[in-house]
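Below is one structure, written out as structure tokens; comments come after it.
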Amino acid sequence: MFEDLSEKLKFVFKKLKGHGKLSEKNIETGLKEVRMALLEADVHYKVAKKLVSDIKTRALGQEVMASLTPGQQVIKIVNEALTALMGSQHKGLQLSGTKPISIMLVGLQGSGKTTTAGKLSVLLRKEGRKPYLVPADVYRPAAIDQLRKLGEQLSVPIFPSNIEMDPVQICREARTAAQHEGCDTLLLDTAGRLHVNEELMGELSRIKDAVKPSDILLVADAMTGQDAVNIAQSFDRALDIGGVILTKMDSDARGGAAISIRSITNKPIKFIGVGEKLNALEPFYPDRMSSRILGMGDVLTMIEKAQEVVDEKAAAALQKKLRKNQFTLEDFRDQMVQIRKMGSFSELINMIPGMGNNKHLKNLKVDEKEFVGIEAAINSMTPQERRQHTIINGSRRKRIANGSGTSLQDVNKLLKNYAQVMKIMKKINKGGIHGIDRGMLPI
Amino acid sequence: MSLNWLKKKDESASTGIFKQLKKGLSKTRQILSTDIDQLFAGSKKIDEGMLEELEALLITSDIGVRTTMELIERISIKSNQISDADELKKELKSEIKTFLMANPPPGKNIEGLRVIMVVGVNGVGKTTTIGKIAAKYTARGKKVLIVAADTFRAAATEQMMIWAERAGAEIVVRKAKTDPAAVVYDGVETAVSKKVDIVLIDTAGRLHTKINLMEELKKINRTISKKLTDAPQEILLVLDATTGQNALSQAKLFNDALGITGIALTKLDGTAKGGIVVGICRTLQIPLRYIGIGEKIDDLQDFDPALFTEALF
Ligand SMILES: Nc1nc2c(ncn2[C@@H]2O[C@H](COP(=O)(O)OP(=O)(O)O)[C@@H](O)[C@H]2O)c(=O)[nH]1
Ligand SMILES: [Mg+2]
């Protein structure tokens, strides 16, 4: 349902052949696509607007790198702008203070606070701390039960709250109780509430004043829409939160809320929830997020890798050959060597948006271990055979197999794969396959 | 000027439902109507700039880029006939209403035992909504049985039991981690023998992208149909109004797996507008049945496209 931005940009820049400077005129349509992608990913309208204008400023007058197409160049700039916004490092929990310290979890109803409390206790225990679970939701039916069951399951001690108690009182008493239990880190699971509910927001402030938590985490659903800015702003204003945990990241949500929340609060996203299991909590790496939001597969990683490895001139020469369908077995071998430097073949295929599911390429099935054999086989061919694969008949195949220490089957497979690649190349040159940018072919 | 207009509407629609709905949606209405009024503060004609601001309004309501563009296109075609905020609002409302009403009327008959299966992703409000629906039916003198088939989430059964008690409904529960299809089998059997009118089935929350969990739902669905050929009469998808564009993906995948017959949109008492349902109704032709506007037992309204759109602006 969400189309890949990189594919759209490729389409937009189709006419902009060759390289040159990005000008206001030629990136205008591209930027429209970027804006759409951001909005479809639930980035807030105003945030998206600001981002697009930043991107435009960055892009204008930039030289398109030889190894990139204009579309990829724009993606690169978009990525830089997003990374600049999100920060580049992972930020962990704030755990300083006299023990026992408290970490407070806040958020809307159903955002995943209770499960996250359980997950954090697992994480803290791994780091050698002694967590103590504190159920402070006296409103939602059976909320205390839910956390109690998680505590039992994990053998993490839990404060015996009951619904007759006041949440502030619970949190205060829990500190003393935690000390008795020999625990050093309290996880306060507060009730879900709407950010506009003044009474309940006031309750959170009172809890904060009472226990002075070391960290306050807003637990927000990755699927949140435009309202994310209001939610984040309200919780941050009321509590000066220390960071955010984004849950349900194992869904197909683009997670544009991450961008909205970050730009409105300037608070880091610290962790992401990636499943229902109690170990499904991962540190948040801001730089990985932009490709998800923009739906670019890992095209960014690929651009990076390509920049590192592929010599620009060689790439240009190769591109020319590909265009003219003059891609020989020799080139095939050279490219394989490059690919091995860049990572595994299948990895690369998956990184190209739209290619992971390409059935032709799936059939290719180049086994990593076969690389060596393929290289040897090609080395055993005569120069003429490498340039003109059609002359490689049965007896030549046998010779090549013998000479390279591979089997006849291997040689047959290699030639079949190569023919397959050529077929795909021809199609691409006719503009038939989406998602491949010419200069970037990993083959 | 629009305030007068709103007052007029308020008087004409003096039903309690409308008042309560408006209370729930008041924030949305405030934001949208004041902004639309401001749009016309300076100029009289609808121009590019104004359409852009309108676009901002619609998109920040989570209506989505595509539906927004479609709505704006429709409006701009008529733009020379529209000269003030009231007219624009009216026009917009009628367009949105057509989108929301592009629905087939609810299908199967109301006679006899009615099984309603409730599904959705984690935390959207399934259990709460079931409690509220149960209360609606028991208030009408119906005999209601709830089947607590969320055997996965910790204390989900306990939560459902509390709601069943509040609603005056009976409930079938089994041990944690029991196969939900087995619970449902027992539940439907109990429903038949006890001759209840309504069966509400609570299922565990699951992400629509988890294939094995969606298979589990299909199995539950088959189990019901095997026991009672016409059942379930309704498969209700619960969506959270705070959710953005992903709600469309949720609706699509749940619909593909089960054939959703209706939607309940929860948490409209916040500032989120749930605009995504406009696109969902339009593209999937699934009717909105209920809206949730709070955590209390009577905070559930029957959805009415006319009322909903009226209250929106
Ligand atoms: N404010 C508000 N909260 C709601 C509404 N519906 C459900 N909730 C809350 O959302 C949370 C999750 O609800 P629950 O029924 O447990 O969701 P489930 O996981 O889908 O069964 C609970 O705290 C409910 O009280 C609503 O319409 N408005
Ligand atoms: Mg539930």
Side-chain angles (χ1 to χ4, degrees), chain A residues 1-2 35-37 39-46 48-49 108-115 118 139-153 192-197 220-231 234 247-248 250-257 275-276, chain B residues 27 55-66 68 121-125 127-128 131 152-163 165-166 176 204-210 213 240-250 252-253 266-267 269-276 294-295:
Chain A
M1 100 168 16
F2 302 107
R35 179 174 168 274
M36 292 270 275
L39 292 175
E40 277 181 3
D42 291 321
V43 175
H44 188 265
Y45 186 82
K46 283 188 186 148
K49 199 169 179 175
L108 297 190
Q109 292 94 339
S111 65
K113 291 170 295 304
T114 307
T115 311
Y139 310 105
R140 208 205 71 196
I144 295 175
D145 267 350
Q146 188 186 346
L147 191 61
R148 189 180 298 141
K149 288 197 170 160
L150 294 184
E152 279 163 16
Q153 204 179 314
R193 66 203 72 215
L194 287 169
H195 51 294
V196 285
N197 187 327
D221 190 319
M223 302 185 262
T224 311
Q226 298 280 315
D227 208 32
V229 290
N230 300 325
I231 297 162
S234 309
T247 61
K248 303 175 203 170
D250 49 328
S251 70
D252 58 344
R254 277 285 153 83
E276 292 185 272
Chain B
K27 296 227 170 45
E55 180 199 65
L57 284 176
L58 294 171
I59 284 177
T60 47
S61 308
D62 286 319
I63 279 179
V65 184
R66 252 160 252 199
T68 295
V121 305
N122 318 65
V124 287
T127 306
T128 311
F152 177 78
R153 208 208 66 198
T157 314
E158 285 81 351
Q159 184 189 357
M160 194 70 264
M161 282 166 74
I162 294 170
W163 274 108
E165 199 188 314
R166 285 180 186 172
R206 67 203 72 219
L207 288 176
H208 47 296
T209 47
K210 309 259 153 139
L213 294 181
D240 182 332
T242 331
T243 308
Q245 301 309 298
N246 192 256
L248 187 55
S249 176
Q250 293 173 23
K252 274 189 179 149
L253 295 186
T266 63
K267 308 186 195 174
D269 45 329
T271 48
K273 290 145 201 157
I276 187 67
E295 297 188 83

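Chain letters run A, B, ... following the sequence lines, proteins first, then strands; residues in each count from 1. Remember, it's a predicted structure, so these values are computed and weren't measured experimentally.
Note that the CG atom of B:Asn246 and the CD atom of A:Glu40 stand 12.5 Å from one another [nearest 0.5 Å]. Atom CG of residue A:Asp221 and atom CG of residue B:Asp240 lie 7.0 Å apart, to the nearest 0.5 angstrom. Rounding to the nearest 0.5 angstrom, the gap separating the CZ atom in B:Arg66 from the CE atom in A:Met36 is 6.5 Å. Rounding to the nearest 0.5 Å places CD of A:Gln226 at 10.5 Å from CD1 of B:Ile276.
The shortest heavy-atom contact between B:Thr271 and A:Asp227 is OG1-OD1, 2.7 Å. The two residues B:Ala154 and A:Leu150 come nearest to each other via the heavy atoms CB-CD2, 4.3 Å. Listed here is the closest heavy atom pair of B:Glu158 and A:Asp145: CG-OD2, 3.5 Å. The nearest pair of heavy atoms linking B:Gln245 to A:Asp42 is N-OD1, 2.9 Å.
Side-chain atoms of A:Leu108 and B:Lys267, non-hydrogen and from C-beta on, never get closer than 4.5 Å to each other. Put simply, the side chain of A:Leu194 does not reach to within 4.5 Å of the side chain of B:Glu295, judged on heavy atoms. You'll find the side chain of B:Thr242 reaches within 4.5 Å of the side chain of A:Ile231, heavy atoms only.
With a 4.5 angstrom heavy-atom cutoff, B:Val124 does not touch chain A via any of its atoms. Interface residue A:Arg140: only side-chain heavy atoms are found under 4.5 Å from chain B. Heavy atoms of A:Arg193 lying under 4.5 Å from chain B are absent altogether. Contacts of A:Lys49 with chain B are made by side-chain atoms alone, with heavy-atom separations under 4.5 Å and no backbone atom involved. Neither the backbone nor the side chain of A:Asn197 comes within contact range of chain B, judged by heavy atoms closer than 4.5 Å. Using a 4.5 Å cut-off between heavy atoms, A:Leu147 does not touch chain B at all. Only the side chain of B:Arg166 comes within less than 4.5 Å of a heavy atom in chain A; its backbone stays farther off. If you measure heavy-atom distances from B:Thr209 to chain A, the contacts under 4.5 Å come from the side chain alone.
If you check the side chains of A:Asp252 and B:Ser249, you find a donor sitting under 3.5 Å from an acceptor.
In this structure, the side chain of A:Lys248 does not engage the main chain of B:Val121 through any donor-acceptor pair within 3.5 Å.
Options A:His44, A:Lys46, A:His195, A:Arg148 differ in how many heavy-atom pairs under 4.5 Å they form with chain B, and the most are formed by A:His195.
The residues B:Lys210 and A:Glu276 are annotated as not salt-bridged, no charged nitrogen and carboxylate oxygen being separated by less than 4.0 angstrom.
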